[in-house]
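Presented below is the structure to which this report refers.
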Protein chains: 2
Amino acid sequence: MDPHLLRTFVAVARSASFSTAARELGYTQSAVSQQIAALEADLGVPLLRRRPVTPTDAGQRLLEHATPILLRLDAARADIRRVSGAPPAHLRAGASPLADTGGLTEALVAVRRAMPRVSAGLSVLGRDAVVTGVARGELDVGLVDGVTAPSDPLRLVEVGTLSTAVVSTGPLVVALPASHPLASRTALRLGDLADAGWIDAPDAAIPLGQLRAVARGDGFRAGFRYDGAERSVLLALVAAGAGLALLPGSVVRDRPDLAAVPLAAPALTHRTELVHGSLTEPAAALTALLSTAGRRTGPGTTTA
Amino acid sequence: MDPHLLRTFVAVARSASFSTAARELGYTQSAVSQQIAALEADLGVPLLRRRPVTPTDAGQRLLEHATPILLRLDAARADIRRVSGAPPAHLRAGASPLADTGGLTEALVAVRRAMPRVSAGLSVLGRDAVVTGVARGELDVGLVDGVTAPSDPLRLVEVGTLSTAVVSTGPLVVALPASHPLASRTALRLGDLADAGWIDAPDAAIPLGQLRAVARGDGFRAGFRYDGAERSVLLALVAAGAGLALLPGSVVRDRPDLAAVPLAAPALTHRTELVHGSLTEPAAALTALLSTAGRRTGPGTTTA
DNA sequence: CTGGTTCCATTAGCGATACTGATCGGGTGG
DNA sequence: CCACCCGATCAGTATCGCTAATGGAACCAG
């Protein structure tokens with residue numbers, strides 16, 4: 001179970017082709033074939049059906065493990081690189097689309113003022129991509145948002161020794177067209193809306209999957225899917241009656257054709273958390289500027 | 001970052017000796033020396049100080065990653081073995097000392113009656129050992145107990161694709177000597193007891209570390225440590241005034257020299273959860289007998 | 001100070017490993 | 001039925017990773 005073999009196994013399974021994977025990885029087709037054979041010999045089970053190339057049950061299981069293992073190996077590398085070597089001259093931040101970046105932008109600018117030689121960058125990415133980016137060392141800090149009960153931590157992808165700190169929390173609102181029968185309510189219960197028509201907009205609103213996980217209720221069926229991250233487009237969809245959307249209260253500006261009704265029950269808040277590994281020098285300056293609320297640390301970790 | 005190298009690195013760091021680790025692993029000392037050198041060359045950093053053998057900062061970081069990575073690799077192996085190959089003729093269960101094994105013992109016996117050819121076994125282990133044992137495939141099912149807010153899952157060691165199900169929940173009680181001033185109370189708030197003298201008995205009572213993590217309060221200092229798992233000894237210690245202990249209500253039998261006062265706040269319950277990977281045939285029979293309450297599944301997993 | 005001991009590093013040599021390039025064979029589509 | 005695509009297999013070779021032997025530093029006893 002050499003990581004090398006795992007990596008090519010993942011590539012083969014993803015591309016459903018030995019030869020394509022070989023080209024991707026810079027091997028010959030023969031090498032890939034032998035690597036897969038070695039893996040199968042080691043585990044004593046066929047992992048792939050050939051022609052067409054499809055994972056077997058065992059292969060599927062291995063795939064589910066391989067990605068996190070490879071991620072964790074990268075994370076270890078990145079972690080070690082951070083503690084050794086000179087402090088880097090850049091500061092790369094990542095944020096999920098709905099994260100509260102208010103403090104971050106200011107802090108980034110402030111760090112650049114204090115350390116003019118460091119270049120700064122900010123990328124907006126999916127929630128998981130932010131966390132894995134930080135783990136891999138491609139980002140120095142990440143800002144991730146999500147929905148939880150007020151006292152619970154966000155449920156992030158587990159990658160080991162990352163620290164988190166709460167940056168801000170706020171209410172959630174249901175966005176409805178102004179003409180909707182519930183638009184005049186002052187508060188809404190989620191249970192009443194399980195059967196409403198929702199827009200599934202993973203990048204522009206709270207993803208319905210996350211909602212189902214937290215609310216434990218089933219339902220929340222998507223009648224419409226929006227794959228962009230543009231908030232104004234999403235709100236236009238809501239106004240046009242494509243469905244409802246759950247959003248952090250802070251992002252819904254007053255619009256005449258929309259109503260934004262606070263969520264009353266269950267008690268859920270929108271929260272953005274700061275994620276980072278052991279801090280490089282510029283990143284430490286940044287987090288110092290951001291750390292207002294109480295610090296918290298991932299399981300099995302201590303904050304320096 | 002071959003797992004092979006990681007494994008010997010962990011062994012060397014643990015034993016603080018190249019030669020001892022070599023003997024443990026069945027290598028020559030030379031091989032171990034070369035493996036460590038290879039790892040250091042790969043990462044570009046010294047991982048160990050020699051004479052005496054001590055991890056450097058980078059080595060320490062690597063150690064924190066290596067154990068979970070190796071565990072996860074073992075878990076992948078075990079997972080694959082479970083889906084392939086004949087159903088095993090044994091059923092190995094593990095349970096943490098305070099887990100509610102009431103239903104389990106009956107279920108084990110029932111499975112043996114239904115499938116006379118399977119041999120059954122039960123091991124009482126530490127909480128983490130139960131979870132890692134299940135992950136590694138050394139156990140087919142595990143019963144783990146812990147303390148949480150009523151609607152929260154137990155915070156288990158993260159090893160990937162394990163499923164969990166609630167088996168039972170119950171109240172928590174504070175065990176006090178009968179002569180204690182608070183012994184006559186009908187309920188106690190944990191906040192009032194942060195500064196009391198506690199007995200830290202990780203195997204015989206709720207570990208104070210878990211208590212601190214869940215209650216978010218600091219304090220709960222240990223005035224006395226008991227490393228056994230014998231409940232009667234712990235209760236005798238409490239009666240003798242060595243300190244307080246937090247226990248699941250169900251395990252404190254009436255004793256004249258003891259009081260067991262329910263915990264009123266914060267709202268915490270004692271819960272035992274069933275942990276398992278994909279189920280072998282006998283294990284499936286067992287869990288079917290145990291699954292009364294609602295099923296729940298770990299992040300990133302689906303229950304079959 | 002000296003000889004012995006312990007421990008890790010280094011080197012030489014050898015067997016195993018893992019790659020490339022070429023070839024084979026089966027399945028597919030024109 | 002032929003051409004082609006794709007994965008398996010084989011031969012050959014370079015590299016890797018092990019053992020065995022040796023080297024050198026630190027430590028200890030006398």
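No experiment lies behind these values; they were computed from the predicted model shown.
At the phosphate of dC19(C), OP1 or OP2 sits under 4.0 Å from a side-chain N or O atom of Q35(A). When the side-chain nitrogen and oxygen atoms of S33(A) are compared with OP1 and OP2 of dA8(D), one or more of them lie within a distance under 4.0 Å.
Around CG of D42(A), the count of heavy atoms belonging to other residues, nucleotides or ligands within 6.0 Å exceeds 12.
Residue contacts for V53(A): at a heavy-atom cut-off of 4.0 Å it reaches the sugar-phosphate backbone alone, with no base atom in range. Within 4.0 Å of Q34(A), counting heavy atoms only, lies at least one base atom of the nucleic acid. S19(A) comes within 4.0 angstrom of the backbone, heavy atoms only, and of no base.
Atom pair D2(B):CG and dG17(D):P shows a separation of 7 Å (rounding to whole Å applied). A straight line from CZ of R23(B) to C1' of dC7(C) spans 11 Å, rounded to a whole angstrom. Distance, L25(A) CG to dC19(C) P: 11 Å, rounded to whole Å. One atom, CZ of R49(A), and another, C1' of dC6(D), lie 18 Å apart when rounded to the nearest Å. Per the geometry, CD1 belonging to I36(A) stands 15 Å off C1' belonging to dC6(D), to the nearest Å. Summarising the geometry, the separation between CD on Q29(B) and C1' on dC8(C) is reported as 5 Å, rounded to the nearest angstrom. One interatomic measurement links the two molecules: CG of L39(B) to C1' of dG17(D), which rounds to 14 Å at whole-angstrom precision.
Of the possible donor and acceptor atoms, none in the side chain of S33(B) sits under 3.5 Å from a partner among the backbone N and O of Q29(B). Within the 3.5 Å criterion, the main-chain N or O of G137(A) finds a donor-acceptor partner in the side chain of R92(A).
Under 3.5 Å, the side chain of R50(B) and the base of dC8(C) form no donor-acceptor pair of N or O atoms.
Of the N and O atoms on the side chains of T161(A) and E64(B), not one donor lies less than 3.5 Å from an acceptor on the other residue. Side-chain N/O atoms of E24(B) and T20(B) include no donor and acceptor closer than 3.5 Å.
Comparing S30(A) and A31(B) along DNA chain C, the residue whose closest nucleotide (by nearest heavy atom) sits nearer the 5' end is A31(B). For the pair R51(A) and Y27(A), nearest-nucleotide mapping onto DNA chain C gives the more 5' position to Y27(A).
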